[in-house]
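Below is one structure, written out as structure tokens; the observations come after it.
Positions are given from 1, in the same order as the sequence printed here. These numbers come from a predicted model, not from an experiment.
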Amino acid sequence: MATDSSSTSSSDKQRRPRRTRMTGAERRQQLLEIGRTLFATKGFEGTSVEEIAAKAGVSKPVVYEHFGGKEGLYAVVVDREMRCLLDMVTSSLTAGHPRELCEQAAFALLDYIEEYTDGFRILVRDSPIPQSTGSFASLISDIATQVEDILGREFKSRGFDPKLAPLYAQALVGMVALTGQWWLDVRRPKKAEVAAHLVNLAWHGLDGLEAKPHLIGRRKS
């Protein structure tokens with residue numbers, strides 16, 4: 001039996017999903033989200049422009065048009081994640097008591113890991129290309145600078161040398177960041193318990209650890 005080719009062609013066109021046209025800004029955002037997911041799961045080297053374009057349903061030149069290539073897309077993704085994490089940490093430091101400030105900083109990093117897991121995975125990878133915005137180590141240094149003044153005031157009030165505040169700020173923030181990298185995969189114990197133990201060590205030191213550390217702030221989860 002003969003097949004009506006015009007009928008078949010018309011039927012195929014009806015079944016084929018119509019490609020939605022995007023504005024330049026919408027396309028750029030789509031490519032950023034796709035790139036972010038792929039860089040988090042496959043890394044920079046494991047991700048190709050071809051795959052990014054295919055996921056977006058566009059041709060390779062569209063990716064080059066928006067970002068100049070994979071390197072440009074990666075740089076923008078990293079910059080956005082670093083700004084997001086830094087903003088979350090700095091905006092969280094609102095308490096008056098130094099111990100609660102430590103809790104807030106710990107929660108901010110753990111919140112970021114929980115809410116922006118892909119972003120954190122990208123940040124903790126060794127960047128394969130030079131970044132004008134720095135590295136994860138420089139980001140941690142920036143965060144430490146935010147708590148330097150707080151520690152300096154506390155040191156001065158207790159008769160300690162405030163010039164040592166930068167050293168302790170780097171040590172405390174680095175401790176939280178490394179613990180965050182570990183918690184990224186295990187997710188145990190719960191976030192509030194991790195924060196409590198981090199502050200327990202930071203606040204009391206090994207010599208004065210509480211057997212059952214508790215949070216003094218209003219936030220409990």
So, for [X] and [Y], which heavy atoms are closest and what is the spacing to 0.1 Å?
| X | Y | value |
| --- | --- | --- |
| M175 | L198 | CE-O, 3.6 Å |
| G152 | P162 | O-CB, 3.8 Å |
| E100 | G217 | OE2-CA, 3.4 Å |
| L93 | Q104 | CA-OE1, 3.5 Å |
| L151 | Y168 | CD1-C, 3.8 Å |
| L215 | K220 | O-NZ, 2.6 Å |

> Without hydrogens or angle criteria, can the side chains of T117 and R187 be said to hold a donor-acceptor pair below 3.5 Å?
Replying inline: yes
>> Does F155 form a side-chain contact (heavy atoms from CB on, under 4.5 Å) with D161? I'd like the steps, not just the answer.
In response: CA-CA 6 Å; F155 275 28; D161 185 356; 5.9 Å; no
Using the rule that two of Ile, Leu, Val, Met, Phe, Trp, Tyr join whenever any of their side-chain heavy atoms come within less than 4.5 Å, decide whether [X] and [Y] are in one cluster.
| X | Y | result |
| --- | --- | --- |
| L178 | L167 | no |
| V199 | I150 | no |
| M82 | F67 | yes |
| V89 | V173 | yes |
| F107 | V186 | no |

>> If you take the centroid of each ring, where Trp contributes its six-membered ring, are W203 and H97 closer together than 6.0 Å?
In response: yes
For [Y], is there any backbone N or O sitting under 3.5 Å from a side-chain donor or acceptor partner on [X]?
| X | Y | answer |
| --- | --- | --- |
| K190 | S221 | no |
| T47 | K42 | no |
| E154 | P98 | no |
| E103 | I216 | yes |
| S141 | A137 | no |
| E26 | T23 | yes |

>> Tell me whether the count of non-hydrogen atoms from other residues, nucleotides or ligands lying under 6.0 Å of OH in Y116 goes above 12.
In response: no
Test: [X] and [Y] ion pair at under 4.0 Å:
| X | Y | answer |
| --- | --- | --- |
| K191 | D111 | yes |
| D185 | R121 | yes |
| D149 | R153 | no |
| R36 | E81 | yes |

> Step by step, would you call E114 with L110 a side-chain contact (heavy atoms from CB on, under 4.5 Å)?
Replying inline: CA-CA 6 Å; E114 187 172 64; L110 295 172; over 6 Å; no
> Distance under 6.0 Å and angle within 45° of the ring axis: does R125 meet both against F44?
Replying inline: no
>> Pair D87, R83 - check salt bridge (charged side-chain N to carboxylate O under 4.0 Å, His left out), show working.
In response: CA-CA 6 Å; D87 287 346; R83 290 179 187 277; over 6 Å; no
> Given the rule in the side-chain contact (heavy atoms from CB on, under 4.5 Å) test, do F39 and V78 qualify, once you have shown the distances and angles that lead to the verdict?
Replying inline: CA-CA 10 Å; F39 290 139; V78 169; over 6 Å; no
> So, do V62 and H66 sit near enough that their side-chain heavy atoms are less than 4.5 Å apart?
Replying inline: yes
